[in-house]
Amino acid sequence: MNKLGILIKNYLLLAWGEIKYKKKKGGRTIGSLALIVVLGAFLIFVMGSSAAGQIYSYQPFGMAHIALAYSLMLALVVSLLMSIMRGSMGSNTADAELLLSLPVTRQTVIVAKSCSKYLFELWPMVVFFLPALVVYTVIMDSGIGLLLRGILLVLMIPLLSVGLSYILNWLFFKAGSKIKNPQNVTTALTMIFLVLYLVFVFTINSGAATMADISELEEQYYSFAPIAWGTEFMLTGSIVQLLLFACVTVLPFIIGVWLYASIFGRSHRTWHSTKTTIDYRSRTPYQALLKKEISRYFGSSAYFINTGFGMVMLLILTVVIIIGKNSFLAEILPFLGNLVPVIIILFACFCIATCYVSACSISLEGKNLWILKVAPVRTRDIFLAKLTTHLVVTLPVTLICSIVLVLVLGLPAGQAWPVILLPSAYCLLTGVMGLVINLKNPKMDWDGEDKVVKQSTAAILGMLCGMLPAAIVFIPYFVFLQGIVSWTAIYLIALALFICAALIMWLWLRDRGEEIFEAL
């Protein structure tokens, strides 16, 4: 095996080592592989089923290829999002000194890194795009030519992700001495991108619901040129469309690899303050802890994006209702009647539950937990700072959206106060609940924040259990008590339950919770 092959094999083995982490635990490797296979198979089934539904819906209009356009759009979005996320990792040249000391050329190292990244970026395209391509080929009997052209696009799209991530690495490297925290820039870019994507999807879907001619939906998708180029290439085999698509995939890859090679092995310049004075302002222990928690939250793209996107969804719902109140929602809202505030409350509670900020906050201390333990601060102040951070993230957005929706929809007082108070109380409840869950399910031996935010038991339970209180209140009403108990009584019961549950769990934290924390 040549040197390039050995390096690529080494990167793949490192990835495999991540899967079978702590092999001494029996069955861990097989269980991890099984979970990956099951999850991949499920996503492939979902994407294939979704594509089949779209094809059968648009086929009578002669527009079945819209399913291909949608899947291509989703693949490009995933590719762009992954490039932004990887760009947040900096130039990632920590192993450069070791690699460059080996008897291999600099070009071989760069090519090996690029190939390994490409292979890791390829599997999402296989999951999100290839199922729709296969389903379209089978249902429409379009022949092997379309399938092969689609596979060529599947192989080209990961080049975009790798290239853009390298370009972002280079930009952060060059601006390293001028940006205090590049993670904040990446977080902002990611959130802006996700919001723009959701707005784009909403525009298309709302247009599809109201348009008389289904062909206008094709124009909506084709308004994004790479989607039009890729779809037309699959359908017609046009070399011109392929070359245009290559300009947005292959060209960024070439530029990105060239830029990355220019900084590989060079020392990274970090930001240094130019202040010549010392700030002697004193803070209470709670204020210092709160500042630390908020700085960590907004300084970590993985933490912020995974636990803060629920608030983005709530903002988008508010904008959708404001825009659609006098258009596509004009006939639906009167039909819903008294269910309008219930739907708003349940959706708000769902969004709040997905913001499991406090459910990760203790685990994120990791190996630095001992610093908090020996610091002259009370454990209850630590809990309060973590709870306040959760409220800072969720409560302002929740209150603003609730008030705006009440005013826009013109809800009467009997429906307005639940829309404002219940989601606000839910913010408090999920914050305290998250701390309890994290104390009972800590994960302190992580090697990356994403392991805590995405994969830990506390994160999963924080989101799932965060949805339970609303379900416990409203599901029994719809099943057993509808027409027997008034909505006002249900709202009062829900408010009392949320506040009392939060109070009970907070008292537990101040007693038994402090003992568990000290024993961690």
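When a residue number appears, it is its place in the shown sequence, counting from 1. Just so we're clear, the structure is a prediction, and the values are computed from it rather than from any experiment. The figures that follow rest on heavy atoms only: side chains count, while hydrogens, waters and symmetry mates do not.
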Tell me if a side-chain donor or acceptor on Thr231 pairs with a main-chain N or O of Ala228 at a distance below 3.5 Å.
no

Heavy-atom pair with the smallest gap, counting every atom of Ala470 and Cys349:
CB-CB, 4.1 Å

Are any side-chain N or O atoms of Arg296 and backbone N or O atoms of Leu364, one a donor and one an acceptor, separated by less than 3.5 Å?
yes

Does the side chain of Leu130 reach to within under 4.5 Å of the side chain of Met125, using non-hydrogen atoms?
no

With a 4.5 Å limit on heavy-atom distance, are the side chains of Thr137 and Val134 in contact?
no

Walk me through whether Leu147 and Tyr136 qualify under side chain to side chain contact (heavy atoms under 4.5 Å, CB included).
CA-CA 9 Å; Leu147 180 61; Tyr136 182 89; over 6 Å; no

Taking Lys113's backbone N and O only, do any of them form a donor-acceptor pair with Ser116's side chain (distance below 3.5 Å, no angle check)?
yes

Do Ile157 and Phe245 come within less than 4.5 Å of each other through their side chains, counting heavy atoms only?
yes

Derivation of the side chain to side chain contact (heavy atoms under 4.5 Å, CB included) call for Leu152 and Leu148
CA-CA 6 Å; Leu152 179 59; Leu148 292 177; over 6 Å; no

Over all heavy atoms of both residues, which pair between Pro252 and Cys247 is shortest? Give the atoms and the distance, please.
CD-O, 3.4 Å

Which pair of heavy atoms, one from Gly310 and one from Cys351, lies closest together, and at what distance?
O-CB, 3.3 Å

For Phe120, does its backbone N or O pair with a side-chain atom of Trp123 as donor and acceptor, under 3.5 Å?
yes

One should read off an interatomic distance between Leu72 CG and Phe224 CZ, to the nearest 0.5 angstrom, of 9.0 Å

Side-chain heavy atoms of Leu146 within contact of Leu235, under 4.5 Å:
yes

Tell me the closest heavy-atom pair linking Ala359 and Ala458, and the distance in Å.
O-CB, 3.3 Å

Specify the closest pair of heavy atoms between Leu372 and Phe517, including all atoms of both residues, with the distance to one decimal.
CD1-CZ, 4.5 Å

Flag yes if more than 12 heavy atoms outside Lys440 fall under 6.0 Å of its NZ atom; otherwise flag no.
no

Could you walk me through whether Leu155 and Tyr118 satisfy the side chain to side chain contact (heavy atoms under 4.5 Å, CB included) test, starting with their C-alpha distance in whole Å, then the side-chain angles of each, then the deciding distance to 0.1 Å, before giving a yes or no?
CA-CA 9 Å; Leu155 297 176; Tyr118 172 83; 3.6 Å; yes

Has the side chain of Ser361 got a donor or acceptor atom that lies under 3.5 Å from a matching backbone atom of Ser358?
yes

With a 4.5 Å limit on heavy-atom distance, are the side chains of Thr398 and Met311 in contact?
yes

May I ask you to check whether Phe298 and Phe304 place their ring centers less than 6.0 Å from one another?
yes

Is there a donor-acceptor pair under 3.5 Å between the side chain of Tyr356 and the backbone N or O of Val453?
yes

Please round to the nearest 0.5 Å and tell me the distance separating atom CZ of Phe129 and atom CE of Met73.
12.0 Å

Does the side chain to side chain contact (heavy atoms under 4.5 Å, CB included) test come out yes or no for Leu119 and Cys115, once each step is laid out?
CA-CA 6 Å; Leu119 293 175; Cys115 289; 5.6 Å; no

Is it the case that the side chain of His390 and the backbone of Cys427 share a donor-acceptor pair, with hydrogens and angles ignored and the cut-off at 3.5 Å?
yes

NZ/NE/NH1/NH2 to OD/OE distance under 4.0 Å, Glu232 and Arg149:
no

May I ask you to decide if Val357's main-chain N or O and Thr307's side chain share a donor-acceptor pair within less than 3.5 Å?
no

Whether the Glu121 and Ser161 side chains hold a donor-acceptor pair (N or O, under 3.5 Å, no angle test) is what I'd like checked.
yes

Among Ile139, Ile66, Val138, Leu68, find the one that has a side chain to side chain contact (heavy atoms under 4.5 Å, CB included) with Ile55.
Ile139

Quick one, Val392 and Tyr297 - any side-chain contact, counting heavy atoms below 4.5 Å?
no

Is it the case that the side chains of Thr394 and Tyr426 hold a donor-acceptor pair, with the cut-off being a distance below 3.5 Å and no angle test?
no

Separation between CD1 of Ile371 and CD of Glu365, rounded to the nearest 0.5 Å
8.5 Å

Separation between CD1 (Ile294) and CG (Leu289), nearest 0.5 Å, reads 11.0 Å

Heavy-atom distance under 4.5 Å between the side chains of Met140 and Gln59, does that happen here?
yes

Taking Asn438 for its side chain and Gly434 for its backbone only, find out whether a donor-acceptor pair lies under 3.5 Å.
no

Rounded to the nearest 0.5 angstrom, the SG-CD1 distance for Cys401 and Ile316 is 10.5 Å

Quick one: pull up CG in Leu387 and CD1 in Ile382 and give me the separation to the nearest 0.5 Å.
13.5 Å

Using a 4.5 Å cut-off on heavy atoms from C-beta on, say whether the side chain of Glu293 contacts that of Thr388.
no

Can you find a side-chain donor-acceptor pair between Ser114 and Tyr166 that sits under 3.5 Å?
yes

Does Thr389 use its side chain to pair, donor to acceptor, with the backbone of Ala385 at less than 3.5 Å?
yes

Nearest atoms (heavy-atom pairs only) where Pro469 meets Cys465
CD-O, 3.2 Å

